[in-house]
Amino acid sequence: MVAIAYLLSVGAFAAFVIAKPSPPVNHDKCPEDLDPVFVASIFRFTVSAQTFFNATGTFFNSEWYTGPLLSTTGKDDRIGATRTGNFSGTIYTERLIDFSKTPDRLLQRFTLDNGPITVGGLVLTYTEEIVVESICDGTAVWASFTDKLCASNTGEVYNLFSRSRMLLVDGLATGIGALYSDGACPAKQ
């Protein structure tokens, strides 16, 4: 019985070591030949938080942002869950490392699990945080997307992430009829 317990514990430890995902990006320790870069985007829309939350879905239901997923593991919106997709011919796997949701605020933080990866000749790895908050007494939202990356060409990776995000968020806004806000709250009716 002791031998079986020992083998099970060794097997569990081996599975943990083998399956251990990569840690979130630490800019003090980018992999060799990669440099740190930050991409931050903030958007304000005249739409309720619930409308925005309904459209953006969950960590697994994220096709507006990730494109079609190839697979998922774990429980949706639970820390440790993973999603795998294909971006321009590159397979990526992201792992959820932080999540919280209230009626007025959503936070998702995820990291690339199989990085560094190569996208269009650029080598990169990243951790991303998405925060959406209700503002203006529920009549608008503030959404921030922050990427901490390690990349082979920081300027090109910055452009890739910021341009892609703008196109994706524009598509989302159009789909839910949200207008960009200049930061002022919508007039009360």
Side-chain angles (χ1 to χ4, degrees), residues 12-43 52-53 55-102 105-133 142-169 172:
F13 177 75
F16 174 77
V17 170
I18 291 167
K20 186 175 180 186
S22 56
V25 172
N26 176 347
H27 287 90
D28 295 329
K29 297 178 183 168
C30 279
E32 192 172 320
D33 298 329
L34 299 183
D35 296 309
V37 61
F38 297 86
V39 181
S41 306
I42 297 174
F43 303 93
F52 201 90
F53 295 161
T56 56
T58 65
F59 184 66
F60 289 168
N61 184 19
S62 57
E63 291 191 3
W64 71 273
Y65 194 61
T66 61
L69 294 178
L70 303 174
S71 65
T72 60
T73 66
K75 285 189 93 172
D76 196 10
D77 290 340
R78 297 289 171 98
I79 294 172
T82 66
R83 63 186 179 196
T84 299
N86 182 333
F87 181 78
S88 296
T90 299
I91 303 299
Y92 66 89
T93 298
E94 296 170 331
R95 179 175 41 91
L96 190 62
I97 58 174
D98 196 3
F99 180 85
S100 64
K101 185 175 182 180
T102 68
R105 186 173 192 272
L106 170 69
L107 174 134
Q108 284 187 9
R109 187 177 300 125
F110 48 90
T111 193
L112 181 66
D113 236 12
N114 62 324
I117 58 174
T118 302
V119 177
L122 302 170
V123 179
L124 59 97
T125 189
Y126 59 87
T127 296
E128 182 168 346
E129 178 180 272
I130 300 173
V131 177
V132 180
E133 292 192 38
W142 173 87
S144 71
F145 298 77
T146 306
D147 291 287
K148 300 174 187 177
L149 301 109
C150 292
S152 60
N153 182 321
T154 57
E156 286 186 38
V157 165
Y158 180 90
N159 287 335
L160 172 70
F161 271 67
S162 61
R163 289 178 182 158
S164 296
R165 179 167 300 127
M166 183 60 80
L167 290 171
L168 295 166
V169 171
L172 172 67

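Along the sequence shown, residues are numbered consecutively beginning with 1.
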Within the side chain of Ser164, is there an N or O that forms a donor-acceptor pair under 3.5 Å with the backbone of Phe161?
no

CG of Asn153 to CG of Leu34: how many Å apart, nearest 0.5 Å?
11.0 Å

So does Leu149 get a backbone contact from the side chain of Asp147, meaning a donor-acceptor N/O pair under 3.5 Å?
no

Quick one: CG on Asp77 to CG on Leu96, what's the gap to the nearest 0.5 Å?
7.0 Å

Under 3.5 Å, is there a donor-acceptor pair between the side chain of Trp142 and the main chain of Glu133?
no

Flag the pair Ser41 / Ser144 as yes when at least one side-chain heavy-atom distance between them is below 4.5 Å, and no otherwise.
no

Hey, is NZ on Lys75 packed in by over 12 heavy atoms from elsewhere, all under 6.0 Å?
no

Got a sec, which residues hit side-chain hydrogen bond (donor to acceptor under 3.5 Å, both in side chains) with Glu129, two or more places apart in sequence or on another chain?
Arg109

Ignoring hydrogens and geometry beyond distance, is a side-chain donor-acceptor pair present between Arg83 and Tyr92 at under 3.5 Å?
no

Between Asn114 (side chain) and Thr93 (backbone), is there a donor-acceptor pair under 3.5 Å?
yes

Strictly by modelled atom types, are Thr154 and Asp35 linked by a side-chain donor-acceptor pair under 3.5 Å?
no

Taking the side chain as every heavy atom from C-beta outward, state whether Leu107 and Ile130 have any pair of such atoms under 4.5 Å apart.
no

Do Leu112 and Ile117 come close enough that some side-chain heavy atom pair is under 4.5 Å?
yes

Assess the residue pair Phe38 and Tyr158 against the criterion (ring pair (Phe, Tyr, Trp, His ring centres under 6.0 Å)); give the C-alpha distance rounded to whole Å, side-chain angles, the decisive distance to 0.1 Å, and a yes or no.
CA-CA 7 Å; Phe38 297 86; Tyr158 180 90; over 10 Å; no

What pair of heavy atoms forms the shortest contact from Ala143 to Phe52, and how long is it?
CB-CZ, 4.3 Å

CD-OG1 distance between Glu63 and Thr56, expressed to the nearest 0.5 angstrom
13.5 Å

Side-chain contact, heavy-atom cut-off 4.5 Å: Phe99 with Arg78?
no

Main chain of Arg105, side chain of Thr102: is a donor-acceptor contact present, judged purely on distance under 3.5 Å?
yes

Answer yes or no: is there a side-chain heavy-atom contact under 4.5 Å between Met166 and Leu168?
no

Thr125 side chain to Pro116 backbone, donor-acceptor under 3.5 Å
no

If you round to the nearest 0.5 Å, how far is CD of Glu94 from OG1 of Thr127?
10.0 Å

Quick one about Thr73 and Thr82 (side-chain donor to acceptor, distance below 3.5 Å, no hydrogens or angles considered), yes or no?
yes

Could you verify whether a donor N or O on one side chain and an acceptor N or O on the other, from Arg95 and Thr111, lie under 3.5 Å apart?
no

Could you tell me whether a side-chain N or O of Asn86 sits under 3.5 Å from a main-chain N or O of Ile91, the two making a donor and an acceptor?
no

What orientation do Phe59 and Phe110 show, parallel under 30°, tilted 30 to 60°, or perpendicular over 60°?
tilted

Short question: side chain of Ser62, backbone of Tyr65 - any donor-acceptor pair under 3.5 Å?
no

Over all heavy atoms of both residues, which pair between Val37 and Ala151 is shortest? Give the atoms and the distance, please.
CG1-CB, 4.2 Å

Side chains of Thr84 and Thr72, heavy atoms from C-beta outward: is any pair under 4.5 Å?
no

Under the 3.5 angstrom rule, does the side chain of Ser152 hit a backbone N or O of Leu122 as a donor-acceptor pair?
no

